[in-house]
Amino acid sequence: MNGRGAMPRAGLLFDLDGTLAQTEHLHHAAFNALLAECGRSLDHATFLRHVSGRSNADITAFLFPDKDGSERDRLAQDKERWFRELATAGVDATPGAVTLLDWARSHGVTTGLVTNAPRENADLMVA
C-alpha cells in the first residue's frame with residue numbers, strides 16, 4: 001500500500017529504439033549517409049561496438065574527434081534528419097511488442113515510453 005492507503009498499480013516502461021521498434025539498421029544507414037559526405041563509412045562491427053546505444057555526443061566525439069562541439073552538434077542533427085528520412089518508409093515493431101502492449105492495456109497495466117531519441121524521431125516512430 002502506498003502512503004494514501006491505495007495499492008500501487010503495476011506499470012511497464014519501454015525503451016523505443018531497439019526494444020519496441022527495430023531501428024538499428026536505420027541508425028547505421030543514417031550514420032553511413034553522414035560519413036559518406038566525407039568519404040568514410042562505418043562497418044557493422046564498429047557500429048555495434050562504438051555507436052549502438054550511445055548518445056549522439058559520444059558518437060560524434062568518436063567519429064569526428066577533430067571537430068569542435070558546435071560542429072559535432074550540427075553533424076548529430078544532420079544524422080537525425082537522415083534517420084527520419086529513412087524512417088518515413090516505416091519502422092517495424094519488435095516481434096512480440098504489440099502483443100505485450102495489448103496484453104498490458106487489457107489488464108490495466110500502465111505503460112510508458114522512454115527514449116534518448118530526439119522528440120521528432122520518437123513522434124515519427126510512435127505515429
Side-chain angles (χ1 to χ4, degrees):
M1 295 180 67
N2 66 23
R4 293 176 290 233
M7 294 295 290
R9 287 186 50 180
L12 296 170
L13 296 176
F14 293 94
D15 182 42
L16 185 56
D17 281 305
T19 301
L20 289 182
Q22 296 296 294
T23 56
E24 181 178 283
H25 66 291
L26 299 175
H27 286 290
H28 187 190
F31 274 112
N32 273 332
L34 182 67
L35 288 166
E37 294 175 356
C38 53
R40 298 168 51 203
S41 66
L42 188 64
D43 64 61
H44 190 68
T46 303
F47 174 81
L48 291 177
R49 174 175 251 177
H50 297 285
V51 175
S52 184
R54 298 182 192 271
S55 70
N56 277 340
D58 289 344
I59 297 165
T60 55
F62 169 74
L63 294 175
F64 305 100
D66 58 323
K67 305 290 186 192
D68 67 22
S70 63
E71 181 64 9
R72 288 180 188 162
D73 287 344
R74 185 195 63 76
L75 290 164
Q77 290 171 13
D78 289 350
K79 178 267 174 185
E80 296 305 339
R81 278 192 288 280
W82 278 108
F83 172 82
R84 287 189 296 276
E85 184 175 312
L86 294 167
T88 58
V91 176
D92 292 331
T94 297
V98 173
T99 301
L100 179 56
L101 287 169
D102 288 344
W103 177 90
R105 289 179 181 135
S106 70
H107 286 83
V109 177
T110 302
T111 58
L113 182 65
V114 296
T115 185
N116 189 38
R119 181 65 186 234
E120 288 178 88
N121 293 17
D123 288 344
L124 175 65
M125 287 186 282
V126 168

Asks: Side chains of Asp17 and Thr23 only: does a donor on one sit below 3.5 Å from an acceptor on the other?
Replies: yes

Asks: Between Glu24 and Ser52, is a side chain to side chain contact (heavy atoms under 4.5 Å, CB included) present by the stated rule, with each step listed?
Replies: CA-CA 7 Å; Glu24 181 178 283; Ser52 184; 3.8 Å; yes

Asks: To the nearest 0.5 Å, what is the distance between CD1 (Ile59) and CG (Leu34)?
Replies: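 Atom-to-atom, Ile59:CD1 and Leu34:CG are 11.0 Å apart.
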
Asks: I'd like to know if the side chain of Arg40 and the backbone of Leu63 have a donor-acceptor N/O pair within less than 3.5 Å.
Replies: yes

Asks: In Å and rounded to the nearest 0.5 Å, what is the CH2 to CG distance from Trp103 to Leu12?
Replies: 7.0 Å

Asks: Work out which heavy atom in Leu26 is nearest to a heavy atom in Val91; give both atom names and the distance.
Replies: CD1-CG2, 4.0 Å

Asks: Check whether any side-chain N or O of Arg72 sits under 3.5 Å from a backbone N or O of Phe64 as a donor-acceptor pair, and report yes or no.
Replies: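 Present.
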
Asks: With heavy-atom distances below 4.5 Å as the criterion, would you say the side chains of Val114 and Leu16 are in contact?
Replies: no

Asks: Testing the basics here: between Ala122 and Thr115, what is the closest heavy-atom pair and its distance to 0.1 Å?
Replies: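 Answer, listing the atom of Ala122 first, then Thr115: CB-CG2, 4.1 Å.
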
Asks: Measuring from atom CZ of Phe62 to atom CZ of Arg54, what distance do you get when rounded to the nearest 0.5 angstrom?
Replies: 8.5 Å

Asks: Mind checking the CG-CZ spacing from Asp43 to Arg49? Nearest 0.5 Å is all I need.
Replies: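 Rounded to the nearest 0.5 Å, the CG-CZ separation comes to 11.0 Å.
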
Asks: Please check: side-chain N/O of Thr46 versus main-chain N/O of Leu42, any donor-acceptor pairing under 3.5 Å?
Replies: no

Asks: At their closest point, which heavy atom of Leu20 faces which heavy atom of Ala97, and how far apart are they?
Replies: CD2-CB, 3.8 Å

Asks: How far apart are the closest heavy atoms of Leu86 and Ala29, and which atoms are they?
Replies: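 Looking at all heavy atoms of both residues, the closest pair is CD1-CB, 3.7 Å.
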
Asks: Taking C-beta and beyond as the side chain, do Met125 and Phe83 meet within less than 4.5 Å on heavy atoms?
Replies: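 Yes, close enough: below the 4.5 Å cut-off.
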
Asks: Between the main-chain N or O of Thr19 and the side-chain N or O of Thr94, is there a donor-acceptor pair closer than 3.5 Å?
Replies: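 Yes; judged by distance alone, with no hydrogens or angles, the pair exists.
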
Asks: Starting at CG of Leu75, measure out to CD of Glu80 and round the result to the nearest 0.5 Å.
Replies: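 Rounded to the nearest 0.5 Å, the CG-CD separation comes to 12.0 Å.
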
Asks: Do the non-hydrogen side-chain atoms of Asn121 and Arg84 ever get within less than 4.5 Å of each other?
Replies: yes

Asks: Look up atom NZ in Lys79 and atom CG in Asn32, then write down how far apart they are to the nearest 0.5 Å.
Replies: 11.5 Å

Asks: Using the ring of each side chain (for Trp, its six-membered ring), is His44 parallel, tilted or perpendicular to His28, with breaks at 30° and 60°?
Replies: tilted

Asks: For the CD atom on Glu120, are there more than 12 heavy atoms of other groups (residues, nucleotides or ligands in this structure) within a distance under 6.0 Å?
Replies: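 Open.
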
Asks: Please report the closest heavy-atom contact between Ala93 and Val98, naming both atoms and the distance.
Replies: CB-CG2, 4.0 Å

Asks: May I have the step-by-step check of side chain to side chain contact (heavy atoms under 4.5 Å, CB included) for Lys67 and Thr60, ending in yes or no?
Replies: CA-CA 9 Å; Lys67 305 290 186 192; Thr60 55; over 6 Å; no

Asks: Does Thr88 reach the main-chain N or O of Glu85 with its side chain, forming a donor-acceptor pair under 3.5 Å?
Replies: yes

Asks: For a quick test of reading the model, state the closest non-hydrogen atom pair linking Gly11 to Val109 and the distance between them.
Replies: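 Nearest pair, atom of Gly11 first, then Val109: CA-CG1, 4.0 Å.
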
Asks: Could you see if Leu48 belongs to whatever hydrophobic cluster contains Val51? Use Ile, Leu, Val, Met, Phe, Trp, Tyr and a side-chain cutoff under 4.5 Å.
Replies: yes

Asks: Charged N to carboxylate O below 4.0 Å: is that the case for Arg119 and Asp123?
Replies: yes

Asks: Report the C-alpha distance between His25 and Phe47 in whole Å, list the side-chain angles of each, state the deciding distance to 0.1 Å, and finish with yes or no for side chain to side chain contact (heavy atoms under 4.5 Å, CB included).
Replies: CA-CA 10 Å; His25 66 291; Phe47 174 81; over 6 Å; no

